[in-house]
Amino acid sequence: MPEGHTLHRLARSVRDAFGGRVVEASSPQGRFADGAALLDGHRVVRSDAVGKHLLVGFSPADASPRRTPQRWLHVHLGLYGKVFFGSSDGAVDGGDQDDDGAGAEGFAAPPAPVGQVRLRLVTLDAAEGAGPLRWADLRGPTACEVMVRPEVDELRARLGPDPLRPDDGPERFLERAGRSRVTVGALLMHQDVLAGAGNIYRAEALFRAGIDPFAAGRDVEPERLEAVYEDLRVLMRAGVRSGRIVTTRPVDRGRRDDEADGTPVRRGQAGAHYVYRRTGLPCRICSTPVSTTVVEGRNLFWCPTCQAPGTQVSPFDA
DNA sequence: CTATGATGGAAAC
DNA sequence: TTTCCCTCATAGC
(Lines give C-alpha, C1' and ligand atoms only; values in the text may rest on other atoms or scores of the structure.)
Protein backbone atom coordinates (compact mmCIF):
# COMPACT_ATOMS: atom_id res chain seq x y z
CA MET A 1 0.00 0.00 0.00
CA PRO A 2 2.25 2.73 -1.22
CA GLU A 3 1.34 5.79 0.78
CA GLY A 4 4.19 7.51 2.60
CA HIS A 5 4.50 4.97 5.41
CA THR A 6 5.20 2.24 2.85
CA LEU A 7 8.09 4.20 1.36
CA HIS A 8 9.64 4.90 4.74
CA ARG A 9 9.48 1.19 5.51
CA LEU A 10 10.95 0.43 2.12
CA ALA A 11 13.83 2.87 2.68
CA ARG A 12 14.62 1.06 5.91
CA SER A 13 14.44 -2.36 4.24
CA VAL A 14 16.84 -1.21 1.53
CA ARG A 15 19.17 0.15 4.20
CA ASP A 16 18.99 -3.09 6.17
CA ALA A 17 19.60 -5.26 3.13
CA PHE A 18 22.11 -3.18 1.19
CA GLY A 19 23.44 -0.38 3.39
CA GLY A 20 27.24 -0.31 3.03
CA ARG A 21 27.19 -3.19 0.55
CA VAL A 22 28.51 -3.27 -3.01
CA VAL A 23 25.79 -4.39 -5.41
CA GLU A 24 25.32 -5.77 -8.86
CA ALA A 25 22.54 -3.85 -10.58
CA SER A 26 20.70 -5.26 -13.56
CA SER A 27 17.49 -4.91 -15.49
CA PRO A 28 16.52 -8.45 -16.51
CA GLN A 29 14.20 -7.47 -19.35
CA GLY A 30 16.27 -4.47 -20.36
CA ARG A 31 13.69 -1.80 -19.51
CA PHE A 32 16.16 0.01 -17.25
CA ALA A 33 19.43 -1.27 -18.68
CA ASP A 34 21.10 2.13 -18.96
CA GLY A 35 20.26 3.16 -15.42
CA ALA A 36 21.25 -0.19 -13.94
CA ALA A 37 24.62 0.08 -15.68
CA LEU A 38 25.23 3.39 -13.87
CA LEU A 39 24.70 1.72 -10.48
CA ASP A 40 26.30 -1.65 -11.18
CA GLY A 41 29.32 -2.31 -8.96
CA HIS A 42 28.60 0.70 -6.74
CA ARG A 43 28.09 0.79 -2.99
CA VAL A 44 24.77 1.68 -1.35
CA VAL A 45 25.55 4.48 1.09
CA ARG A 46 22.13 6.08 1.71
CA SER A 47 18.49 5.05 1.67
CA ASP A 48 15.78 7.51 2.53
CA ALA A 49 12.17 8.33 1.82
CA VAL A 50 10.69 11.75 1.16
CA GLY A 51 6.93 11.69 0.80
CA LYS A 52 6.20 8.79 -1.52
CA HIS A 53 9.65 8.90 -3.10
CA LEU A 54 12.51 6.54 -2.37
CA LEU A 55 16.04 7.88 -2.78
CA VAL A 56 18.98 5.50 -2.62
CA GLY A 57 22.47 6.97 -2.71
CA PHE A 58 25.32 5.15 -4.44
CA SER A 59 29.09 5.74 -4.41
CA PRO A 60 31.88 3.98 -6.29
CA ALA A 61 32.92 0.82 -4.46
CA ASP A 62 36.37 2.21 -3.71
CA ALA A 63 35.13 5.59 -2.40
CA SER A 64 34.64 6.30 1.29
CA PRO A 65 31.13 5.23 2.32
CA ARG A 66 30.88 8.54 4.15
CA ARG A 67 31.33 10.60 1.03
CA THR A 68 28.29 12.23 -0.46
CA PRO A 69 26.73 9.84 -2.98
CA GLN A 70 27.56 10.53 -6.62
CA ARG A 71 24.44 8.91 -7.97
CA TRP A 72 20.95 8.53 -6.63
CA LEU A 73 18.34 5.98 -7.52
CA HIS A 74 14.91 7.61 -7.50
CA VAL A 75 11.92 5.27 -7.25
CA HIS A 76 8.24 6.07 -7.12
CA LEU A 77 6.06 2.99 -6.74
CA GLY A 78 2.93 4.62 -8.12
CA LEU A 79 -0.26 2.67 -7.64
CA TYR A 80 1.13 -0.84 -7.77
CA GLY A 81 4.88 -0.87 -7.76
CA LYS A 82 6.48 -3.34 -5.38
CA VAL A 83 9.86 -4.48 -4.14
CA PHE A 84 10.52 -8.08 -3.26
CA PHE A 85 13.51 -8.89 -1.05
CA GLY A 86 15.27 -12.21 -0.61
CA SER A 87 18.47 -13.56 0.82
CA SER A 88 20.56 -16.69 1.12
CA ASP A 89 19.95 -16.84 4.88
CA GLY A 90 16.21 -17.07 4.43
CA ALA A 91 15.17 -13.53 5.24
CA VAL A 92 12.36 -12.81 2.81
CA ASP A 93 10.36 -9.66 2.75
CA GLY A 94 7.65 -9.04 0.21
CA GLY A 95 7.90 -5.32 0.64
CA ASP A 96 4.71 -4.27 2.34
CA GLN A 97 3.10 -7.66 2.74
CA ASP A 98 2.02 -8.12 6.32
CA ASP A 99 2.48 -11.86 6.29
CA ASP A 100 3.69 -14.69 4.04
CA GLY A 101 7.34 -15.45 3.66
CA ALA A 102 6.62 -17.55 6.73
CA GLY A 103 8.75 -20.63 6.81
CA ALA A 104 10.75 -19.42 3.83
CA GLU A 105 14.05 -21.22 3.60
CA GLY A 106 15.62 -18.68 1.31
CA PHE A 107 17.47 -19.54 -1.84
CA ALA A 108 21.11 -19.99 -2.66
CA ALA A 109 20.77 -17.45 -5.44
CA PRO A 110 18.14 -15.03 -6.71
CA PRO A 111 15.25 -16.85 -8.38
CA ALA A 112 14.23 -16.26 -11.98
CA PRO A 113 12.50 -12.89 -12.31
CA VAL A 114 8.75 -12.90 -11.82
CA GLY A 115 6.92 -10.52 -14.16
CA GLN A 116 8.60 -7.38 -15.40
CA VAL A 117 11.55 -6.68 -13.15
CA ARG A 118 12.67 -3.11 -13.76
CA LEU A 119 15.68 -3.30 -11.47
CA ARG A 120 17.37 -6.14 -9.63
CA LEU A 121 20.00 -5.50 -6.97
CA VAL A 122 22.20 -8.32 -5.69
CA THR A 123 25.00 -7.96 -3.17
CA LEU A 124 28.36 -8.39 -4.80
CA ASP A 125 30.53 -8.47 -1.68
CA ALA A 126 29.10 -11.59 -0.01
CA ALA A 127 32.07 -13.69 -1.09
CA GLU A 128 34.44 -11.25 0.68
CA GLY A 129 32.67 -11.95 3.95
CA ALA A 130 30.56 -8.80 3.96
CA GLY A 131 27.45 -10.80 4.84
CA PRO A 132 24.88 -13.10 3.27
CA LEU A 133 23.86 -12.81 -0.35
CA ARG A 134 20.89 -10.47 -0.59
CA TRP A 135 18.77 -9.36 -3.49
CA ALA A 136 15.77 -7.19 -4.30
CA ASP A 137 13.49 -6.96 -7.34
CA LEU A 138 11.61 -3.77 -8.22
CA ARG A 139 8.45 -4.27 -10.25
CA GLY A 140 5.86 -1.94 -11.75
CA PRO A 141 7.12 1.44 -10.51
CA THR A 142 5.85 4.71 -11.95
CA ALA A 143 9.34 6.18 -11.72
CA CYS A 144 12.74 4.52 -11.70
CA GLU A 145 15.67 6.69 -12.70
CA VAL A 146 19.21 7.60 -11.79
CA MET A 147 19.67 11.17 -10.61
CA VAL A 148 22.53 13.47 -9.71
CA ARG A 149 22.45 15.75 -6.70
CA PRO A 150 20.86 18.83 -8.29
CA GLU A 151 17.97 16.71 -9.52
CA VAL A 152 17.47 15.27 -6.06
CA ASP A 153 17.42 18.79 -4.62
CA GLU A 154 14.90 19.84 -7.22
CA LEU A 155 12.65 16.90 -6.36
CA ARG A 156 12.79 17.66 -2.66
CA ALA A 157 12.14 21.34 -3.28
CA ARG A 158 8.84 20.63 -4.99
CA LEU A 159 7.53 18.46 -2.17
CA GLY A 160 5.59 19.81 0.80
CA PRO A 161 6.40 18.84 4.37
CA ASP A 162 6.33 15.10 5.10
CA PRO A 163 4.64 14.25 8.41
CA LEU A 164 7.03 11.32 8.75
CA ARG A 165 10.16 13.48 8.64
CA PRO A 166 10.90 14.81 12.13
CA ASP A 167 12.48 18.00 10.79
CA ASP A 168 9.43 18.85 8.69
CA GLY A 169 6.78 20.83 10.52
CA PRO A 170 3.26 21.97 9.60
CA GLU A 171 4.33 25.55 8.76
CA ARG A 172 4.66 25.23 5.01
CA PHE A 173 1.50 23.13 4.85
CA LEU A 174 -0.46 25.78 6.76
CA GLU A 175 0.92 28.52 4.56
CA ARG A 176 -0.04 26.80 1.32
CA ALA A 177 -3.32 25.21 2.37
CA GLY A 178 -4.48 28.10 4.53
CA ARG A 179 -4.66 30.59 1.68
CA SER A 180 -5.91 28.22 -1.00
CA ARG A 181 -9.31 28.26 -2.66
CA VAL A 182 -8.84 24.58 -3.49
CA THR A 183 -10.84 22.16 -1.33
CA VAL A 184 -9.01 20.42 1.52
CA GLY A 185 -10.05 17.08 0.01
CA ALA A 186 -7.95 17.97 -3.02
CA LEU A 187 -5.15 19.72 -1.12
CA LEU A 188 -4.31 16.65 0.95
CA MET A 189 -3.54 14.80 -2.28
CA HIS A 190 -1.23 17.53 -3.57
CA GLN A 191 2.29 16.36 -2.84
CA ASP A 192 3.65 19.89 -3.13
CA VAL A 193 1.33 20.93 -0.28
CA LEU A 194 1.80 17.89 1.97
CA ALA A 195 4.02 14.98 1.00
CA GLY A 196 3.26 11.36 1.76
CA ALA A 197 -0.47 11.19 2.38
CA GLY A 198 -2.54 9.26 -0.17
CA ASN A 199 -6.18 8.48 -0.68
CA ILE A 200 -6.62 6.51 2.54
CA TYR A 201 -4.91 8.98 4.85
CA ARG A 202 -6.72 11.88 3.18
CA ALA A 203 -10.16 10.41 3.83
CA GLU A 204 -9.35 9.20 7.32
CA ALA A 205 -7.56 12.32 8.55
CA LEU A 206 -10.39 14.57 7.39
CA PHE A 207 -12.92 12.33 9.10
CA ARG A 208 -10.98 12.26 12.35
CA ALA A 209 -10.81 16.05 12.33
CA GLY A 210 -14.49 16.41 11.40
CA ILE A 211 -13.61 18.55 8.38
CA ASP A 212 -15.88 18.90 5.35
CA PRO A 213 -13.71 17.70 2.43
CA PHE A 214 -15.31 20.29 0.15
CA ALA A 215 -14.36 23.28 2.27
CA ALA A 216 -11.68 25.47 0.72
CA GLY A 217 -8.37 25.38 2.54
CA ARG A 218 -8.59 29.05 3.41
CA ASP A 219 -12.00 28.52 5.00
CA VAL A 220 -10.72 25.98 7.52
CA GLU A 221 -9.30 27.39 10.75
CA PRO A 222 -5.49 27.17 10.83
CA GLU A 223 -5.69 25.34 14.15
CA ARG A 224 -7.76 22.62 12.54
CA LEU A 225 -5.39 22.29 9.60
CA GLU A 226 -2.52 22.02 12.04
CA ALA A 227 -4.45 19.35 13.93
CA VAL A 228 -4.72 17.37 10.70
CA TYR A 229 -0.97 17.58 10.18
CA GLU A 230 -0.22 16.49 13.75
CA ASP A 231 -2.75 13.68 13.48
CA LEU A 232 -1.09 12.50 10.28
CA ARG A 233 2.22 12.38 12.12
CA VAL A 234 0.70 9.99 14.63
CA LEU A 235 -1.26 7.90 12.11
CA MET A 236 1.59 7.57 9.63
CA ARG A 237 4.16 6.72 12.31
CA ALA A 238 1.86 3.92 13.42
CA GLY A 239 1.67 2.89 9.76
CA VAL A 240 5.45 2.70 9.53
CA ARG A 241 5.56 0.50 12.62
CA SER A 242 2.81 -1.90 11.60
CA GLY A 243 3.00 -1.73 7.80
CA ARG A 244 -0.75 -1.13 7.69
CA ILE A 245 -3.03 1.87 7.77
CA VAL A 246 -5.18 1.68 10.87
CA THR A 247 -6.97 4.89 11.77
CA THR A 248 -9.77 3.70 14.03
CA ARG A 249 -9.59 3.92 17.80
CA PRO A 250 -9.85 0.48 19.44
CA VAL A 251 -13.23 1.47 20.86
CA ASP A 252 -14.56 2.03 17.34
CA ARG A 253 -13.56 -1.27 15.76
CA GLY A 254 -13.96 -4.96 16.24
CA ARG A 255 -17.71 -5.09 16.16
CA ARG A 256 -20.81 -4.90 14.01
CA ASP A 257 -20.07 -4.73 10.33
CA ASP A 258 -16.34 -5.29 10.49
CA GLU A 259 -16.67 -8.78 9.08
CA ALA A 260 -20.36 -8.80 8.19
CA ASP A 261 -22.52 -6.83 5.73
CA GLY A 262 -20.43 -7.99 2.79
CA THR A 263 -17.90 -5.31 3.71
CA PRO A 264 -14.89 -5.75 1.43
CA VAL A 265 -12.43 -6.16 4.28
CA ARG A 266 -9.02 -7.47 3.57
CA ARG A 267 -7.56 -10.12 5.80
CA GLY A 268 -6.43 -8.64 9.09
CA GLN A 269 -7.81 -5.22 8.27
CA ALA A 270 -11.33 -5.50 9.63
CA GLY A 271 -12.46 -2.25 11.16
CA ALA A 272 -9.28 -0.39 10.27
CA HIS A 273 -10.95 2.64 8.68
CA TYR A 274 -13.78 5.06 9.45
CA VAL A 275 -14.82 5.95 5.91
CA TYR A 276 -12.34 4.66 3.34
CA ARG A 277 -14.13 2.15 1.11
CA ARG A 278 -17.15 2.09 3.37
CA THR A 279 -19.65 3.61 0.90
CA GLY A 280 -23.20 3.13 2.14
CA LEU A 281 -22.14 1.52 5.41
CA PRO A 282 -23.10 3.25 8.65
CA CYS A 283 -20.64 5.74 10.06
CA ARG A 284 -18.89 4.19 13.05
CA ILE A 285 -19.72 7.25 15.12
CA CYS A 286 -23.15 8.50 14.01
CA SER A 287 -24.50 5.70 11.76
CA THR A 288 -25.10 8.00 8.77
CA PRO A 289 -24.32 6.11 5.54
CA VAL A 290 -20.84 6.94 4.26
CA SER A 291 -20.78 8.90 0.98
CA THR A 292 -18.36 8.80 -1.90
CA THR A 293 -17.57 10.85 -4.96
CA VAL A 294 -14.61 11.30 -7.24
CA VAL A 295 -12.23 14.14 -6.30
CA GLU A 296 -8.92 14.62 -8.09
CA GLY A 297 -9.59 11.46 -10.04
CA ARG A 298 -9.84 9.35 -6.91
CA ASN A 299 -12.72 8.14 -4.78
CA LEU A 300 -13.22 10.38 -1.78
CA PHE A 301 -15.13 8.94 1.17
CA TRP A 302 -16.71 10.97 3.95
CA CYS A 303 -19.48 11.06 6.53
CA PRO A 304 -22.01 13.77 5.56
CA THR A 305 -22.95 14.26 9.21
CA CYS A 306 -19.64 14.14 11.08
CA GLN A 307 -18.06 16.20 8.29
CA ALA A 308 -21.00 18.44 7.45
CA PRO A 309 -20.26 21.96 6.17
CA GLY A 310 -19.68 24.28 9.08
CA THR A 311 -18.78 21.50 11.48
CA GLN A 312 -16.18 22.78 13.91
CA VAL A 313 -15.28 19.72 15.92
CA SER A 314 -13.90 16.22 15.55
CA PRO A 315 -16.52 13.48 15.78
CA PHE A 316 -14.53 12.22 18.76
CA ASP A 317 -15.33 15.41 20.65
CA ALA A 318 -18.89 15.86 19.52
C1' DC B 1 -11.29 -18.69 -15.62
C1' DT B 2 -11.88 -13.29 -16.84
C1' DA B 3 -13.06 -8.54 -15.40
C1' DT B 4 -12.40 -4.81 -12.44
C1' DG B 5 -10.50 -1.45 -9.72
C1' DA B 6 -6.85 0.12 -6.54
C1' DT B 7 -2.79 3.04 -2.14
C1' DG B 8 -0.29 7.48 -7.71
C1' DG B 9 1.38 10.41 -10.90
C1' DA B 10 3.40 11.61 -15.32
C1' DA B 11 2.66 12.02 -20.13
C1' DA B 12 -0.17 12.37 -23.81
C1' DC B 13 -4.04 14.35 -25.71
C1' DT C 1 -9.40 14.80 -19.38
C1' DT C 2 -7.64 10.42 -20.76
C1' DT C 3 -4.05 7.02 -21.05
C1' DC C 4 -0.42 4.54 -19.48
C1' DC C 5 2.34 1.83 -16.19
C1' DC C 6 1.64 -3.50 -16.51
C1' DT C 7 0.79 -5.58 -10.38
C1' DC C 8 -2.47 -8.01 -7.79
C1' DA C 9 -6.50 -8.81 -4.64
C1' DT C 10 -11.11 -9.44 -5.13
C1' DA C 11 -15.64 -10.19 -7.43
C1' DG C 12 -18.18 -12.71 -10.39
C1' DC C 13 -19.08 -16.32 -13.87
Side-chain angles (χ1 to χ4, degrees), chain A residues 1-11 27-32 35 49-55 74-85 93-101 113-120 136-145 147 151 154-156 158-160 162-164 185-207 232 235-236 238-240 242-247 259 261-270 272-280 292-301:
Chain A
M1 294 156 190
E3 297 199 22
H5 69 299
T6 301
L7 274 297
H8 283 257
R9 281 170 72 85
L10 177 58
S27 186
Q29 290 97 357
R31 290 263 333 261
F32 185 54
V50 185
K52 297 171 189 166
H53 301 260
L54 172 71
L55 292 166
H74 169 227
V75 172
H76 194 295
L77 293 178
L79 194 53
Y80 47 69
K82 273 192 169 50
V83 181
F84 180 88
F85 291 89
D93 175 0
D96 196 46
Q97 305 307 307
D98 48 4
D99 56 287
D100 61 43
V114 175
Q116 296 287 312
V117 174
R118 191 79 61 88
L119 174 65
R120 166 172 279 188
D137 282 350
L138 169 65
R139 293 153 64 180
T142 283
C144 176
E145 58 187 334
M147 288 181 158
E151 294 168 316
E154 191 180 336
L155 169 67
R156 299 179 67 133
R158 69 173 165 82
L159 292 174
D162 177 350
L164 284 173
L187 286 168
L188 283 187
M189 297 292 279
H190 290 185
Q191 299 298 301
D192 56 343
V193 174
L194 189 150
N199 202 27
I200 303 177
Y201 283 123
R202 139 173 103 164
E204 295 294 302
L206 289 175
F207 175 86
L232 281 170
L235 293 176
M236 293 175 75
V240 172
S242 68
R244 293 163 35 187
I245 299 178
V246 177
T247 58
E259 294 283 3
D261 295 353
T263 312
V265 287
R266 270 113 64 177
R267 196 164 40 123
Q269 300 218 11
H273 309 133
Y274 284 106
V275 290
Y276 176 72
R277 281 215 198 182
R278 283 178 54 81
T279 308
T292 184
T293 191
V294 174
V295 172
E296 295 283 291
R298 320 296 302 276
N299 288 312
L300 169 70
F301 305 86

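Letters A, B, ... are given to chains in the order of the sequence lines, protein chains preceding strands, and every chain is numbered from 1. For the numbers below, each heavy atom of this structure counts, side chains included, while hydrogens, waters and symmetry mates do not. Since the model is a prediction, treat every value here as computed from it, not as a measurement.
Of all nucleotides listed (dC8(C), dG8(B), dA6(B)), dC8(C) comes nearest to the side chain of R139(A). Looking at the side chain of R277(A), the nearest of the listed nucleotides dT7(C), dA6(B), dG8(B) is dA6(B).
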Could you pull out every donor-acceptor pair under 3.5 Å between side chains of residues 185-196 of chain A and any protein atom, sequence neighbours left out?
unit_1: H190(A); atom_1: NE2; unit_2: E296(A); atom_2: OE1; d: 2.8
unit_1: Q191(A); atom_1: OE1; unit_2: G196(A); atom_2: N; d: 2.9
unit_1: Q191(A); atom_1: NE2; unit_2: M189(A); atom_2: O; d: 3.4
unit_1: Q191(A); atom_1: NE2; unit_2: A197(A); atom_2: O; d: 3.1
unit_1: D192(A); atom_1: OD2; unit_2: R176(A); atom_2: NH2; d: 3.4

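H53(A) is linked by a ring-ring contact (aromatic ring centres under 6.0 Å, His included) to H74(A), H76(A), counting only residues two or more places apart in sequence or in another chain. Partners of D137(A) according to the salt bridge (charged side-chain N to carboxylate O under 4.0 Å, His left out) rule, which considers only residues two or more places apart in sequence or in another chain, are R120(A). With sequence neighbours excluded, the residues that form a ring-ring contact (aromatic ring centres under 6.0 Å, His included) with F301(A) are Y276(A).
For the pair L77(A) CG and dG9(B) P, the interatomic distance rounds to 11 Å; values are reported in whole Å. The nearest whole Å value for the distance from the CG atom in L300(A) to the C1' atom in dG8(B) is 16 Å. Rounded to whole Å, the distance from CG on L7(A) to C1' on dG9(B) is 13 Å. The CZ atom of R298(A) sits 8 Å away from the P atom of dA6(B) (whole-angstrom rounding). The nearest whole Å value for the distance from the NE2 atom in H74(A) to the P atom in dA10(B) is 8 Å. Rounded to whole angstrom, the span from the CD1 atom of I200(A) across to the P atom of dA6(B) amounts to 11 Å. Nucleotide dA10(B) holds its C1' atom 14 Å from the CG atom of D192(A), rounded to whole Å. Rounded to whole Å, atom P of dG9(B) lies 14 Å from atom CG of L54(A).
The phosphate of dG8(B) has neither OP1 nor OP2 within less than 4.0 Å of any side-chain N or O from H76(A). Under 4.0 angstrom from either OP1 or OP2 of dG8(B) there lies at least one side-chain N or O belonging to K52(A). The side chain of Q191(A) contributes no N or O atom lying less than 4.0 Å from OP1 or OP2 of dG8(B). When the side-chain nitrogen and oxygen atoms of N199(A) are compared with OP1 and OP2 of dA6(B), none of them lie within a distance under 4.0 Å.
In plain terms, the two heavy atoms of E151(A) and M147(A) that are nearest each other are OE1-CA, 3.2 Å. Considering all non-hydrogen atoms of both residues, I245(A) and A272(A) come closest at O-CB, 3.7 Å.
Partner of L77(A) under the side chain to side chain contact (heavy atoms under 4.5 Å, CB included) criterion, out of L10(A), T142(A), L54(A): L10(A) alone.
In this structure, the separation between NE2 on H5(A) and NE2 on H8(A) is 10.5 Å, given to the nearest 0.5 Å. Taken to the nearest 0.5 Å, the CG atom of L300(A) stands 7.0 Å off from the CG atom of N199(A).
Using modelled atom types, no side-chain atom of E3(A) and backbone atom of K52(A) make a donor-acceptor pair closer than 3.5 Å.
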All N/O pairs under 3.5 Å across the protein-nucleotides 2-5 of chain C interface:
unit_1: dC5(C); atom_1: N1; unit_2: Y80(A); atom_2: OH; d: 3.1

Under 3.5 Å, N/O pairs linking protein and nucleotides 11-13 of chain B:
none

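Both H53(A) and N299(A) lie near DNA chain B, and the one whose nearest nucleotide falls closer to the 5' end is N299(A).
When the P atom is used for both dA10(B) and dC8(C), the distance is 22 Å, rounded to whole Å.
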